[in-house]
> 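Please see the structure below; I have some questions.
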Protein chains: 2
Amino acid sequence: MAPLRPAAPRVLRITDLSYTYHGADRRSSEGACVASVRHEGPAESAGPARPTSRDVARRAGVSQATVSLVLRDKWHGRVSPGTADAVRAAARDLGYRPNLAARSLRLGRTRTALLVVPALTNEYFARVHTGAARVAAEHDFGMVLYPSPELAAPAPDPFDSARAALDGVIASSMAVEALAALRSGGLPLVMLDSDPEGSEATVNLDIADGMRRIVEHLVGLGHRRIAHVTAAVDSWTFHARARALSDALSGTPAALVHTERADLTVTGGLHAASRALSVTPRATALVCDDDVLAAGACKAVRRLGLRVPGDVSVTGFDDLSLATAVEPELTTVRLPAEEIGATGMRALLAVLEGRPPDTGVLPVSLVRRDSTGPPAAFTG
Amino acid sequence: MAPLRPAAPRVLRITDLSYTYHGADRRSSEGACVASVRHEGPAESAGPARPTSRDVARRAGVSQATVSLVLRDKWHGRVSPGTADAVRAAARDLGYRPNLAARSLRLGRTRTALLVVPALTNEYFARVHTGAARVAAEHDFGMVLYPSPELAAPAPDPFDSARAALDGVIASSMAVEALAALRSGGLPLVMLDSDPEGSEATVNLDIADGMRRIVEHLVGLGHRRIAHVTAAVDSWTFHARARALSDALSGTPAALVHTERADLTVTGGLHAASRALSVTPRATALVCDDDVLAAGACKAVRRLGLRVPGDVSVTGFDDLSLATAVEPELTTVRLPAEEIGATGMRALLAVLEGRPPDTGVLPVSLVRRDSTGPPAAFTG
DNA sequence: CTGAAAGCGCTTACAG
DNA sequence: CTGAAAGCGCTTACAG
């Protein structure tokens, strides 16, 4: 690890640190010391303790219950408008924020959902998060993210790690072995892009249709020998891609001539594609499980002195921004990532309200770009 | 929005839904109904209520306080080993998990930190998260992520959105206007890659040194006319990059001949680089604020019928996986993303414990690849 | 229209 | 070695 160049340490203001301390031995300080200081004068605003609804009540001259009623907007017909205004003014003056731990404890729910994704390094999951968080916000829900460090790692425990109190969980594209840990949480669970047999509520992408469209496209261009670069990741979505590809090829004049597993990185794609292209007779098209693998595959083609798509066509999956960052731009399957996140959050809300979740399969589309073309020998 | 193809809705098991209900009117059900059922027999295991420490105590035949002592591992010398074993067995049998909201309320802290990042779409932040979460886990801290939806959006309120109770906040590369919202939370705050004047505790990257190395490299290759493709993002790190570039160029034979602002996307980089290259006399090297911009810049060069690096050299910043996904692979500055995350979390832990945080500046390094070379006309 | 009280589930001094 | 009790800050029936 590189050495740290020290900079002059900064002194923290006591107000910044105070939050830390007031919990440690709150019992003594709160009851005996701080509370009394607070009553004695200006220490109130400079004091270390975070204001509670009691403080707001005291300042507004009302009971603590009235503060709660007003701030939760349940005061109409129960508290006079003048009193309500006084409470809001006091809360504003003190910078009051309700203690969410206390609220959660009282209510038994938190209006917070956890999104579990295999890794943050993929733009796809960032988009899933965006869609889910948008719907969550529309329903006054918070959204917390747990990146399960490694798909291959021993089953993680998101309920220990993301310590937030949670109402429910959305998990996307998890490894098979991670599912048990998720289920053990006992929370309502919605799975995205996962085995529909394995879970109560699932929102999926039409992976099979995506592969079918790729095959149609390649076969239509004249390709007859196709190799598959699969992601060496043990999750349903990649198993589904492999199955869908071989299903889609049956009944066409084209054949799957080789399959090669790859680490889900550019380098992984490069190595796997190199191996796949060393098989003779050589495939004229490489179907890759992911845009990242496709980017690596394109590099492999060039390192062999061949061209994309002149000698070898390459297809991706996902339509990440990477697909248009490389040249040639990738022909790929666009996954509606934001939409699956949004639909997943809606399904979770339904489960939480006791309604049947609107699970289903979201359509995908083929994006034709420049990494595919007719095979060199093809005269059709 | 594309239509949803409906799938057969699945019926959820009651045990999955139960968690939802037990909070809504827990008072009546818990006190009157469920608790009594629980005592009457097998309803205990099938019952909807999540077990509490009281349930564990009842099963183990001890007081509720003893359960807490044992499970928090504070029982040595206070509880007999046999009793401790009985408590652990009972907890296991019931699948007991402590209610974190209650624990947080009681302790006044949560051992949870919030990481605020401008966007999830960037691999850099994923790596920062990885580093921070690793250190957090080593100290039995949880880590929760809040992607501030848009750098340019009205100041977000992470404390409303990430509803978890939090002990502190780490914020990376935030827009200037987002800082006020962060500070208003009143929580201990560590800033990463941010203005050291603007915050109490800051961990930074040696951005200036990175730019200096790029300039040395380019000037050494013979470049004399350099253009800068800046990210149109109002955050300290990009202001720092601009300042560092012009500082580094002064005193060299090279000049900054043009600056062009770009949206932080491949397309943004492409457009900005096109504009920059239309200025005459043309720059022989494009210094880009980010690898994503550099990828776009390379495309722009080729669209003008020029080659990288033969006619125009291009440099990036960050060393994302994108840097080696494109061809030619990018010469760029590698930022120790995981390390800044880890150092930031260590600084936050220090603040929380009242120690002076180990803030500082982390070194960066230049990675020479294939997107830079001597300028065409150079005969040095 | 307003207040006093109960209780969510936990942790920890304190008393035995 | 073990238990009874207080209290974290909040929400919501309930009584006036």
Side-chain angles (χ1 to χ4, degrees), chain A residues 22-32 34-35 49-58 60-84 86-87 91 94 96-111 163 165, chain B residues 22-32 34-35 49-58 60-84 86-87 91 94 96-111 163 165:
Chain A
H22 89 280
D25 48 0
R26 174 184 282 166
R27 190 172 183 174
S28 48
S29 67
E30 176 84 8
V34 177
R50 166 177 167 169
T52 71
S53 59
R54 295 186 84 87
D55 299 318
V56 176
R58 207 137 39 198
V62 299
S63 78
Q64 182 264 333
T66 301
V67 172
S68 182
L69 251 22
V70 171
L71 297 182
R72 294 227 78 193
D73 218 24
K74 297 191 168 177
W75 59 277
H76 293 279
R78 302 205 255 175
V79 176
S80 68
T83 303
V87 167
L94 293 175
Y96 170 73
R97 289 165 170 279
N99 180 317
L100 295 178
R103 177 179 290 174
S104 297
L105 178 58
R106 181 59 238 249
L107 294 178
R109 56 204 149 71
T110 57
R111 297 193 83 77
R163 285 153 185 282
Chain B
H22 89 280
D25 47 1
R26 174 184 282 167
R27 189 173 183 176
S28 47
S29 69
E30 176 82 10
V34 177
R50 165 176 168 170
T52 71
S53 59
R54 295 186 84 86
D55 298 317
V56 176
R58 207 137 37 200
V62 300
S63 79
Q64 183 265 331
T66 301
V67 172
S68 183
L69 251 22
V70 171
L71 297 182
R72 295 225 78 196
D73 218 24
K74 296 192 169 175
W75 60 277
H76 294 278
R78 301 205 256 174
V79 176
S80 68
T83 304
V87 167
L94 293 174
Y96 170 72
R97 289 166 170 279
N99 180 316
L100 295 178
R103 177 179 289 174
S104 296
L105 178 58
R106 179 60 239 248
L107 294 177
R109 56 202 149 73
T110 57
R111 297 192 85 76
R163 285 152 186 284

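Side chains included, hydrogens not; waters and symmetry mates left out as well; all remaining heavy atoms used. Residue numbering restarts at 1 for every chain, and letters A, B, ... go by the order of the sequence lines.
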> Give the rounded distance in Å between these two atoms: CG of B:Leu105 and P of C:dG9.
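My rounded result for the distance is 12 Å.
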> By nearest atom, which of the nucleotides D:dG9, C:dG3, C:dG9 is closest to the B:Asn99 side chain?
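That would be C:dG9.
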> Does A:Ala57 have any side chain to side chain contact (heavy atoms under 4.5 Å, CB included) partners at least two apart in sequence or in another chain, and if so, which?
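Applying side chain to side chain contact (heavy atoms under 4.5 Å, CB included) to A:Ala57 gives A:Val62, A:Gln64, A:Val67.
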> State, to 0.1 Å, how close B:Ser104 and A:Ala101 come at their nearest heavy-atom pair, and which atoms those are.
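Closest approach of B:Ser104 to A:Ala101: CB-CB, 3.8 Å.
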> What is the distance, rounded to the nearest whole Å, between atom CD of B:Gln64 and atom P of D:dA4?
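Distance, rounded to whole Å: 11 Å.
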> Report yes if a side-chain nitrogen or oxygen of A:Ser53 is closer than 4.0 Å to either non-bridging phosphate oxygen (OP1 or OP2) of D:dC10; otherwise report no.
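Checking A:Ser53 against D:dC10: at least one side-chain N or O falls below 4.0 Å of OP1 or OP2.
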> How is A:Ser80 classified with respect to the nucleic acid when contacts are heavy atoms under 4.0 Å: base, sugar-phosphate, or nothing?
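Contact class for A:Ser80: sugar-phosphate only.
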> Rounded to the nearest angstrom, tell me the gap between atom CG in B:Leu69 and atom P in C:dA15.
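Taking atom P of C:dA15 as the reference, CG of B:Leu69 is at 17 Å.
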> Toss me the dot-bracket line for DNA chain D: Watson-Crick and G-U wobble, both under 3.5 Å, 5' to 3', using | for pairs to another strand and [ ] for crossers.
|||.||||||||.|||
> Quick one: CZ on B:Arg54 to OG on B:Ser68, what's the gap to the nearest 0.5 Å?
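Separation between the atoms: 12.5 Å.
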> Distance check needed: D:dA6 P versus B:Arg106 CZ, whole Å only.
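For the pair B:Arg106 CZ and D:dA6 P, the rounded distance is 13 Å.
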> Whole Å only: how far is the CG atom of A:Leu107 from the C1' atom of D:dT12?
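Taking atom C1' of D:dT12 as the reference, CG of A:Leu107 is at 10 Å.
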> Which whole-number value in Å describes the distance from A:Arg54 CZ to D:dG7 C1'?
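So the CZ-C1' distance, A:Arg54 to D:dG7, works out to 11 Å.
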> What nucleotide, of C:dC10, D:dA4, C:dG3, holds the atom closest to the side chain of B:Ala65?
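Looking only at side-chain atoms, B:Ala65 lies closest to D:dA4.
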> Could you list the residues that satisfy side chain to side chain donor-acceptor pair (under 3.5 Å) with A:Thr83, not counting sequence neighbours?
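Per chain and number, A:Thr83 pairs via side chain to side chain donor-acceptor pair (under 3.5 Å) with A:Ser80.
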> For residues 70-77 of chain B, run the donor-acceptor check on the side chains, cut-off 3.5 Å, and write out each pair with its distance to 0.1 Å, sequence neighbours left out.
unit_1: B:Asp73; atom_1: OD1; unit_2: B:Trp75; atom_2: NE1; d: 3.3

> Which parts of residues 71-79 of chain A get close to DNA chain D, meaning a heavy atom less than 4.0 angstrom away?
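Contacts with DNA chain D under 4.0 Å: A:Arg72, A:Lys74.
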> Would you please confirm or rule out a distance under 4.0 Å between OP1 or OP2 of D:dG9 and any side-chain N or O of A:Ser68?
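No.
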> Does a nitrogen or oxygen in the side chain of B:Thr66 sit under 4.0 Å from OP1 or OP2 of D:dC1?
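Answer no for this pair, as no side-chain N or O of B:Thr66 is under 4.0 Å from OP1 or OP2.
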> Which residues pass the side chain to side chain contact (heavy atoms under 4.5 Å, CB included) test with B:Ala102, sequence neighbours left out?
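With sequence neighbours excluded, B:Ala102 shows a side chain to side chain contact (heavy atoms under 4.5 Å, CB included) to A:Leu105, B:Asn99, given in chain and number order.
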> Taking CZ from A:Arg103 and C1' from D:dC8, how many angstroms apart are they, rounded to a whole number?
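To the nearest whole Å, that distance equals 16 Å.
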> Supply the atom-to-atom distance A:Arg97 CZ to A:Ser53 OG, rounded to the nearest 0.5 angstrom.
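It comes to 15.5 Å.
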> OP1 or OP2 of C:dT2 less than 4.0 angstrom from a side-chain nitrogen or oxygen of A:Thr83, does that happen here?
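Indeed, a polar side-chain atom of A:Thr83 lies that close.
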> Closest approach of B:Ala86 and B:Ala60, non-hydrogen atoms and distance?
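For B:Ala86 and B:Ala60, the tightest heavy-atom pair comes out as O-CB, 3.9 Å.
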> Minimum heavy-atom separation for A:Val87 to A:Val56, with atom names?
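Shortest heavy-atom contact: O-CG1, 3.8 Å.
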> Provide, to the nearest angstrom, the distance between the CG atom belonging to B:Leu100 and the P atom belonging to C:dC8.
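After rounding, the reported distance stands at 18 Å.
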